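Values reported hereafter were calculated over all heavy atoms of this structure, with side chains retained and with hydrogens, waters and symmetry mates removed. Predicted model only: the values in this text are computed from it and were never measured.
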Amino acid sequence: DTAVSQTPKYLVTQMGNDKSIKCEQNLGHDTMYWYKQDSKKFLKIMFSYNNKELIINETVPNRFSPKSPDKAHLNLHINSLELGDSAVYFCASSQDLGSGQYFGPGTRLTVT
Amino acid sequence: AQSVTQPDIHITVSEGASLELRCNYSYGATPYLFWYVQSPGQGLQLLLKYFSGDTLVQGIKGFEAEFKRSQSSFNLRKPSVHWSDAAEYFCAVGLHGSSNTGKLIFGQGTTLQVKP
């Protein structure tokens, strides 16, 4: 069974559209994250939720809105997509800091 | 500010040779340190982690890393590299504290190429 899954794996869309990426974890972890990996493979955290509560919100445009319906799911909705949003988005989960984070396979978003 | 530096952007080693990937960090508190591997088109897989105890930690796939507080380093090593080890390697510092708990700061990554 996949521990952290994301859908879709690939997403190609035009500027100005709104899109969502879904993430689910079956590890029973309390905390989930969204990371963005740019074209130079640099990884940066965007958001973190603990038991459905937002705990980390980095300097991310408010076009990005995470939603956690329950502690096993953390979705990312992006409004008015821009060219610069093209990247790979990774979802991750963890039980606590010391145990490390477990990453999903990523969603490659291409905005044309 | 917290930061992680991986000085080597790209490393090429021959299969069977030993490997060391460097990682230096800047963090005011006791660090939680991690190494992740990313194969092409894949997510990140946790190789090993350190936050206390023995400064030499063993991970999966035959990797180990040594924490050296005096040098602010956490270098990754493997005695004999296999062709399947070709991938991107990321070092990360885990932040703790009420507003940062769980946040990982990643290095720029090191691309490992393995020659036959």
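Side chains of A:Phe47 and A:Leu54 form a contact here, defined as non-hydrogen atoms less than 4.5 Å apart.
Taking the side-chain contact (heavy atoms from CB on, under 4.5 Å) definition, one finds that A:Asp85 meets it with A:Arg63, A:Phe64, A:Ile78, A:Leu81, A:Glu82, A:Tyr89, A:Leu109, A:Val111, sequence neighbours left out. Partners of A:Lys44 according to the salt bridge (Lys or Arg N to Asp or Glu O under 4.0 Å) rule, which considers only residues two or more places apart in sequence or in another chain, are A:Glu58. With sequence neighbours excluded, the residues satisfying side-chain contact (heavy atoms from CB on, under 4.5 Å) with A:Lys9 are A:Pro105.
Heavy-atom pairs under 4.5 Å with chain A were tallied for B:Phe51, B:Phe34, B:Tyr32; the largest tally goes to B:Tyr32.
Under the 4.5 Å side-chain heavy-atom criterion for ILVMFWY residues, a single connected hydrophobic cluster contains both B:Phe74 and B:Leu47.
For B:Tyr89 and B:Phe63, the ring centers are positioned less than 6.0 Å apart.
Neither the backbone nor the side chain of B:Gln45 has a heavy atom closer than 4.5 Å to any heavy atom of chain A. With a 4.5 angstrom heavy-atom cutoff, B:Glu88 touches chain A only via side-chain atoms. Heavy-atom distances place the side chain of A:Gln37, and not its backbone, under 4.5 Å from chain B. Neither the backbone nor the side chain of B:Tyr50 comes within contact range of chain A; no heavy atoms are under 4.5 Å apart. Interface remark: B:Leu44 contributes backbone and side-chain atoms alike to the contact with chain A (heavy atom separation under 4.5 Å).
Using modelled atom types, one side-chain atom of B:Thr110 and one backbone atom of B:Asp8 make a donor-acceptor pair closer than 3.5 Å.
Below 30°, between 30° and 60°, or above 60°: for B:Phe106 and A:Phe103 the angle between ring planes is above 60°, a perpendicular geometry.
In this structure, A:Asp70 does not pair ionically with A:Lys52, as no charged nitrogen and carboxylate oxygen lie closer than 4.0 Å.
At a heavy-atom cut-off of under 4.5 Å, chain A is reached by no residue from residues 13-25 of chain B.
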